[in-house]
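Data first, discussion second: the structure below is written as structure tokens.
Both counts, for ligands and for their atoms, begin at 1 and track the order of listing. Computed over heavy atoms, backbone and side chain alike; hydrogens, waters and symmetry mates excluded.
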Amino acid sequence: MTDQRVIEVKRVAKSFNKHTALQNVSFSVQAGEIFGFLGPSGSGKTTTIKLLTGQLAQTSGHAFVLGKPVEQINESIYEQVGIVTDNSGVYEKLTVYQNMAVLAKILGVDRQRVDHLLKRVGLMEHKKKLAHQLSKGMTQRLILARALLHKPRVLFLDEPTSGLDPSTAEAVHELLMEIKDSGTAIFLTTHNMEEATKLCDHVALLNEGVIVEHGVPKEVCLKYNKTRQYRVQLVTGAEKVLLHSDEASKQIHEWMSQDQLLTIHSCEPTLETVFLEVTGRKLV
Ligand SMILES: Nc1ncnc2c1ncn2[C@@H]1O[C@H](COP(=O)(O)OP(=O)(O)OP(=O)(O)O)[C@@H](O)[C@H]1O
């Protein structure tokens with residue numbers, strides 16, 4: 001893969017008075033990649049987004065977005081960046097459609113794209129509703145649709161699916177995959193490990209402001225797969241967990257040849273259990 005780093009963070013630290021929120025954080029995100037920043041509440045995820053979008057200054061280290069040092073970020077970069085956080089204010093007294101149309105006009109984006117995005121986030125049938133009448137999930141989807149109007153090269157998402165029902169979360173996931181495939185780099189924070197495993201090309205696990213593990217989700221999980229177990233279900237209904245061994249392999253072979261095996265799964269750890277093993281803490 002050619003190197004197309006659109007976000008680069010080098011040994012960044014951030015302190016608020018005496019409290020250290022981030023320590024020696026380094027990572028990079030490529031074009032067309034979803035990068036997940038995972039950590040429990042208070043671990044420094046939002047602080048990182050704020051640093052990378054010019055809303056906060058780091059205490060030390062260097063960070064670049066689209067090649068530009070973050071301390072030099074000004075309004076011109078927002079033409080290429082989309083940000084979805086809790087404070088992405090919508091105009092409460094305007095309708096869903098007007099919220100989109102006002103911004104589309106400023107950005108010089110045509111109405112077709114407004115319609116396309118409203119459909120994609122499932123808000124077309126609510127387009128005449130006033131923003132203050134929307135549920136939390138609808139508001140989140142409106143903020144996401146607005147952030148995508150100008151086809152940003154980089155998208156920052158703070159907990160994109162928290163509070164969404166499973167089918168809406170799934171629709172948002174599909175949209176994010178489509179945006180990634182079009183070459184946008186997506187930086188998202190989450191404490192939902194399943195979401196991260198499914199969506200992210202790379203993840204970094206953050207604990208108390210420190211990246212404690214990082215990599216491709218499946219590879220991170222396999223690295224901690226020390227016991228190598230298999231869960232099997234037999235046609236009799238019996239369920240068994242077998243440790244990787246010659247004996248287990250013979251047994252599985254026997255069940256297979258006797259057509260006794262209904263299901264078989266390897267039991268590698270999830271990102272959740274990796275986090276617990278590395279930090280001794282739960283994610284949520
Ligand atoms: N403006 C601020 N002043 C002082 N401390 C702050 C400020 N912003 C964040 N912090 C502290 O920095 C730490 C990291 O906060 P941050 O909001 O980045 O966490 P988070 O991982 O996004 O948490 P959550 O998942 O709950 O949103 C916390 O201890 C928080 O109290």
Original post:
Is the closest basic N to carboxylate O distance between Lys218 and Glu268 below 4.0 Å?
Top reply: no

Subject >> Pairwise distance NZ(Lys50) to CD1(Ile83) - rounded to 0.5 angstrom >> reply: 11.5 Å

Subject >> With Arg281 via side chain to side chain donor-acceptor pair (under 3.5 Å) - residues at least two apart >> reply: Asn207

**OP:** Report yes or no: is the cationic atom of Lys45 (NZ for Lys, CZ for Arg) closer than 6.0 Å to the six-membered ring centre of Phe37, at no more than 45° off its axis?
**Re:** no

**OP:** Could you tell me whether a side-chain N or O of Arg141 sits under 3.5 Å from a main-chain N or O of Val121, the two making a donor and an acceptor?
**Re:** yes

**OP:** Return yes if some donor-acceptor pair links the side-chain N/O of Gln58 with the main-chain N/O of Gly61 below 3.5 Å, else return no.
**Re:** yes

Original post:
Name the residues with a heavy atom less than 4.0 Å from ligand 1?
Top reply: Phe16, His19, Ala21, Pro40, Ser41, Gly42, Ser43, Gly44, Lys45, Thr46, Thr47

